Amino acid sequence: MACSSSTAWSMATLKAALPSVPSPVFNKSPNSAACNSSSSKPRKMGLSLRSSKPLLPHYSGLSALCPLLSAFPSGLENSGFDSLFRIIDNGGKFFAMRHGRKVPKLNRPPDQRRALLRGLTTQLLKHGRIKTTRARASAVRKYVDKMITLAKEGSLHKRRQALGFIYEKQIVHALFAEVPDRYGERNGGYTRIIRTLPRRGDNAPMAYIELV
Amino acid sequence: MTTMVRSIDPLVVGRVVGDVLDMFVPMADFRVVYGTKHIFNGCEIKPSLAIERPLVQISSVPSMDSLFTLIMIDPDAPSPSEPKMKEWLHWIVADIPQGMDASKEYMGPKPPTGIHRYVLVLFRQKGPPTKPWQLPPARNNFSTRSFAAQNGLGLPVAAVYFNSQKEAANKK
């Protein structure tokens, strides 16, 4: 299955190598299909339908295979295989376990840490989705959930507590107005973290954190 | 949080499948290219790069030679925390490859606040393009599901999404 014309890793080669694909179309010419997909695409004006050999087998009825095949994001073949390892890499910590570590220090003294987390929650509540480093995203989850819980309670005392934490007044008022409708039935877990490619300048692992 | 169903499919992780589409089995493959950047799920594209319409190449099983419909929408309009105008329609092209029947003119991403997802969905048309398309009057509050149901498009055959946010204005 060696299609050595390009260094980019090709999905079609992997799909050809995987067992138990009973489609007859697939067994015909996996090599040429792999070569087709890895060569550079000719520039075509507007939309074009490739009338050459099929690159994908007909997937009907094989949906059980899809989760496996899509384990490798199909579009990342262009950026090379090693970027996948960067996503899975844990940053080279000394110990494999997290026993007893409750507070994320974020490489900052306590006052700066608090300011950073306040700023991040303010921005997340303002924009709905922000892109930051993975450590910061997982640290800010707790504070965003706390703010949304305060808004769910809705009393004056809670509002003042929220005003003491979030930097912008308008956001607190908007939050208290909107949270009962939006998160009324949901118990906890008001954020979601999606990991992405590392940052170019320092290879820091990045993530999107968004409200639900 | 004892058991969490973890999905690794990027469309599910990015909640495209929940917010915009229903779960589907990808039947076709298509590549979207903005300038020199190939789109993969979740990549970051600057609005300035996406002003012009992209190059779209569809590769599918040619034995079922059929026409396709491409829709580009933004489910996070105007802001991901308050998607009031969900979804915002950016582009519809019908009857591919027969003709470049751009039913709705291409409009580039213009995220006012926050990081928006832009989803490109490909549907396979069932019959010949005899009936005229019911174009939505406005771009906001578009629903991909109801559009597909209205025009009998069924489940999508392919989808890809990318992220975009407002660029910092150049201060001179």
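Please read these numbers as outputs of a predicted model, since none were measured by experiment. Naming convention: chains lettered A, B, ... in sequence-line order (proteins, then strands); numbering from 1 in each chain.
Atom CZ of A:Arg114 is surrounded by 12 or fewer heavy atoms from other residues, nucleotides or ligands within 6.0 Å. Surrounding OH of A:Tyr143 are at most 12 heavy atoms belonging to other residues, nucleotides or ligands under 6.0 Å away. More than 12 heavy atoms of other residues, nucleotides or ligands shown are found within 6.0 angstrom of NZ on A:Lys152. Few gaps surround CG on A:Asp181; more than 12 heavy atoms of other groups in view lie less than 6.0 Å from it.
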Quiz item: Can B:Ile115 and A:Lys131 be said to form a side-chain contact (heavy atoms from CB on, under 4.5 Å), step by step?
Solution: CA-CA 8 Å; B:Ile115 303 177; A:Lys131 182 174 173 182; 3.8 Å; yes
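A donor-acceptor pair under 3.5 Å is absent between the side-chain atoms of A:Arg129 and the main chain of B:Gly114, judged by distance alone.
Between chain B and the options A:Glu210, A:Gln123, A:Arg192, heavy-atom pairs under 4.5 Å are most frequent for A:Arg192. When each of B:Arg15, B:Gln165, B:Glu44 is scored by its heavy-atom pairs under 4.5 Å with chain A, the top score falls to B:Arg15.
For A:Leu211, the part lying under 4.5 angstrom from a heavy atom of chain B is the side chain only.
In this structure, CD1 in A:Ile194 is found 7.5 Å from CG in B:Asn163, a value given to the nearest 0.5 Å.
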